[in-house]
Amino acid sequence: MDEKKVMLSGIQPSGDLTLGSYLGAIKNWGARAEEFDCYYFMADMHSITVRQDPAALRRRTLEQLAQYIACGLDPERNTLFIQSHVHQHAELGWVLNCYTMFGELSRMTQFKDKSAKNKDNINGGLFTYPALMAADILLYQPDYVPVGEDQKQHCELTRDVAQRFNHIYGDVFKIPEPYIPKVGARIMSLSDPASKMSKSDKDPNGSVYLMEKPEDIQRKFKRAVTDSDTERCVRYDPANKPGVANLMTIYAAVTGRTMEEIEREFDGQGYGVFKPAVGEAVVETLRPIREEAQRILKDKAYLESVYRAGAEKASRVAERTLRKVYKKVGFVAR
Ligand code: ATP
Ligand code: LTN
């Protein structure tokens, strides 16, 4: 029997991946392939909770797969798949909808944020999204779900739903833990350090994208909002200097240095030296990822072979859990 622990995560192909998605989530995924049995997917079914252009969604789903591989996820060691290819997600999603409470869903901050941003399309899917996310996770019985801090609430709801189900029917689901990085769990916008860096941000200067050209990345860092205090020194003080703290967090995450080391490195130097240094470190981190993703993206046959094999493996695993659930709730076996 396979004793390896299981890890699983997904990202919606609703926009181009950002430095936030990389530092908060993907960076943690590849590193663990030896130790864990890993499943990573493109959450295309989640994406349509917000209206998408069909051609753009298709293109971004494949681009995202190329970027996963370029970030170090070897398809030989990780199961990479497209959510809509594995029909068990929708099926378990429906069942779990019936075990997720209206009150719980009403408290989700992502629902509140997204419904405020999409006032003309507050659809049922946007509301019940966490039940589908719980299904995404619980189908694979994972031990850990590596995500950024904004997804902690959804992971906690997943645990509550799994515990509720287990309480009624016995041990069907493993109770998973969110796996949130110590540095980089919440990268903020470069133009507004009070809001999260996000792929659907309307302000193009707030987010840095994995596929962006080095000169554009550098320009965004040079223009990054720092703080209006008179001190103008590089010191980690998130409450009073959120812009500088965010840049320090990014620098720490890409260089592996501590906040004290960074303060020492830039001691006596102003933001005019610090900001381009952060930009340069990010450019050098993303350069190999961008180049590799561009190369992989040209090979459509390879990408197809990866997502087909991924869906086959994922489907086999997911089916085992789904069968158990169907039996427990009282569906007649076919
Ligand atoms: P959208 O704008 O479409 O809602 P997003 O950019 O907010 O998307 P995703 O890219 O879907 O978020 O998130 C993918 C993963 O990256 C999740 O695990 C999420 O927690 C993490 N993540 C996203 N943005 C950040 C961020 N700014 N800092 C740290 N982690 C992040
Ligand atoms: N909700 C996540 C994407 C997501 C996910 C998942 C993450 C969908 N299903 C399962 C981890 C596990 C987001 O919006 N970033």
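The figures here come from the full heavy-atom set of this structure, side chains too, leaving out hydrogens, waters and symmetry mates. Every number for a ligand or one of its atoms is a count from 1 in the order of the listing. On a predicted model such as this, the values are computed, not experimentally measured, just so you know.
At least one N or O atom of S14 sits closer than 3.5 Å to an N or O atom of ligand 1. Looking at E149 next to ligand 1, no N or O pair under 3.5 Å apart turns up. Note: an N/O pair closer than 3.5 Å links Q12 and ligand 2 by distance alone. Annotation: V147 places no N or O atom under 3.5 Å from an N or O atom of ligand 1; distance criterion only. In terms of polar-atom proximity, M197 is counted as a contact of ligand 1, with an N or O under 3.5 Å from an N or O of the ligand. Between G148 and ligand 1, an N or O atom pair is found at a separation short of 3.5 Å.
Ring to ring, Y251 and F266 are close: their centroids are under 6.0 angstrom apart. The aromatic ring centres of Y129 and H154 sit less than 6.0 Å apart. A centroid separation of less than 6.0 Å is found between the aromatic rings of Y140 and F81.
Shown in contact with V147 at under 4.0 Å from a heavy atom are these atoms of ligand 2, numbered in order with element: 11 (C). Close contacts between ligand 1 and G24 involve ligand atoms 29 (C), 30 (N) [criterion: under 4.0 Å to a heavy atom]. Close approach of ligand 2 to Q110 is summarised as follows: ligand atoms under 4.0 Å from at least one heavy atom of the residue are 14 (O). Taking every heavy atom of I137 and a limit of under 4.0 angstrom, the matching atoms of ligand 2 come to 10 (C), 12 (C). Close approach of ligand 2 to V145 (heavy-atom distance below 4.0 Å) involves ligand atoms 11 (C), 12 (C). Residue H46 has at least one heavy-atom neighbour below 4.0 Å for each of these atoms of ligand 2: 8 (C), 9 (N).
Contact annotation: for D150 versus ligand 2, there are no heavy atoms closer than 4.0 Å. For F41, every heavy-atom contact with ligand 2 shorter than 4.0 Å involves the side chain, none the backbone. Only the side chain of Q151 comes within 4.0 Å of ligand 2, counting heavy atoms alone; its backbone N, CA, C and O stay farther away. Contacts between L132 and ligand 2 below 4.0 angstrom, taking non-hydrogen atoms only, are absent altogether.
Between E260 and R264 there is no salt bridge, since none of the side-chain N atoms of the basic residue sits less than 4.0 Å from a carboxylate O of the acidic one. By the 4.0 Å N-to-carboxylate-O rule, E35 lies too far from K4 to be salt-bridged with it. Using a 4.0 Å cut-off between charged nitrogen and carboxylate oxygen, E149 and K152 do not count as a salt-bridge pair. By the 4.0 Å N-to-carboxylate-O rule, D150 lies close enough to K196 to be salt-bridged with it. One finds a salt bridge joining E284 and R287 here, because a Lys/Arg side-chain nitrogen approaches an Asp/Glu carboxylate oxygen to under 4.0 Å. A salt bridge is defined here as a Lys NZ or Arg NE, NH1 or NH2 lying under 4.0 Å from an Asp or Glu carboxylate O, and R219 with E215 fails to meet this definition.
Annotation for K112: atom NZ counts as buried by contact number, over 12 foreign heavy atoms lying within 6.0 Å. For R59, the CZ atom is densely surrounded, since the number of other residues' heavy atoms within 6.0 Å is greater than 12. At most 12 heavy atoms of other shown residues, nucleotides or ligands fall within 6.0 angstrom of atom CD1 in I48.
The backbone N or O of T258 sits less than 3.5 Å from a side-chain atom of E261, completing a donor-acceptor pair. A donor-acceptor distance shorter than 3.5 angstrom exists from the side chain of K27 to the backbone of A253, with no hydrogens or angles considered. Within the 3.5 Å criterion, the main-chain N or O of L80 finds no donor-acceptor partner in the side chain of N78.
Looking only at protein heavy atoms, the nearest one to atom 19 (C) of ligand 1 is D150 OD1, 3.3 Å. Nearest protein neighbour of atom 29 (C) of ligand 1, counting heavy atoms only, is A185 O, 3.1 Å. For atom 15 (C) of ligand 1, the closest non-hydrogen atom on the protein side is A25 CB, 3.7 Å. Nearest protein heavy-atom contact of atom 28 (N) of ligand 1 is I187 N, 2.8 Å. The protein heavy atom nearest to atom 14 (C) of ligand 1 is I11 CG1, 3.5 Å. Counting protein heavy atoms only, atom 16 (O) of ligand 1 is closest to S21 CA, 3.4 Å. K199 CE, 2.9 Å is the protein heavy atom nearest to atom 10 (O) of ligand 1. Among all non-hydrogen protein atoms, the one lying nearest atom 24 (N) of ligand 1 is K196 NZ, 3.0 Å. Nearest non-hydrogen protein atom to atom 9 (N) of ligand 2 is D136 OD2, 2.7 Å. At the shortest separation from atom 1 (N) of ligand 2 among protein heavy atoms lies Y129 OH, 2.4 Å.
Considering each of A43, G10, P176, the one bringing a non-hydrogen atom nearest atom 3 (C) of ligand 2 is G10. Around atom 1 (P) of ligand 1, the closest heavy atom drawn from S200, G184, G20, P13 belongs to S200.
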(request) Step by step, work out the salt bridge (Lys or Arg N to Asp or Glu O under 4.0 Å) result for R308 and E304. (result) CA-CA 6 Å; R308 272 174 184 264; E304 189 179 327; 3.0 Å; yes
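Considering R290, K199, K220 as possible partners of E212, the one that fulfils the salt bridge (Lys or Arg N to Asp or Glu O under 4.0 Å) test is K220. Among L8, V317, D143, V6, the one residue that satisfies the side-chain contact (heavy atoms from CB on, under 4.5 Å) test with D37 is V6.
Put simply, no part of G15 is less than 4.0 Å from ligand 1, judged by heavy atoms. Within the 4.0 Å heavy-atom cutoff, K114 counts among the residues contacting ligand 1. Put simply, no part of Q83 is less than 4.0 Å from ligand 2, judged by heavy atoms. Using 4.0 Å as the threshold, L23 has no heavy atom nearer than that to any atom of ligand 1.
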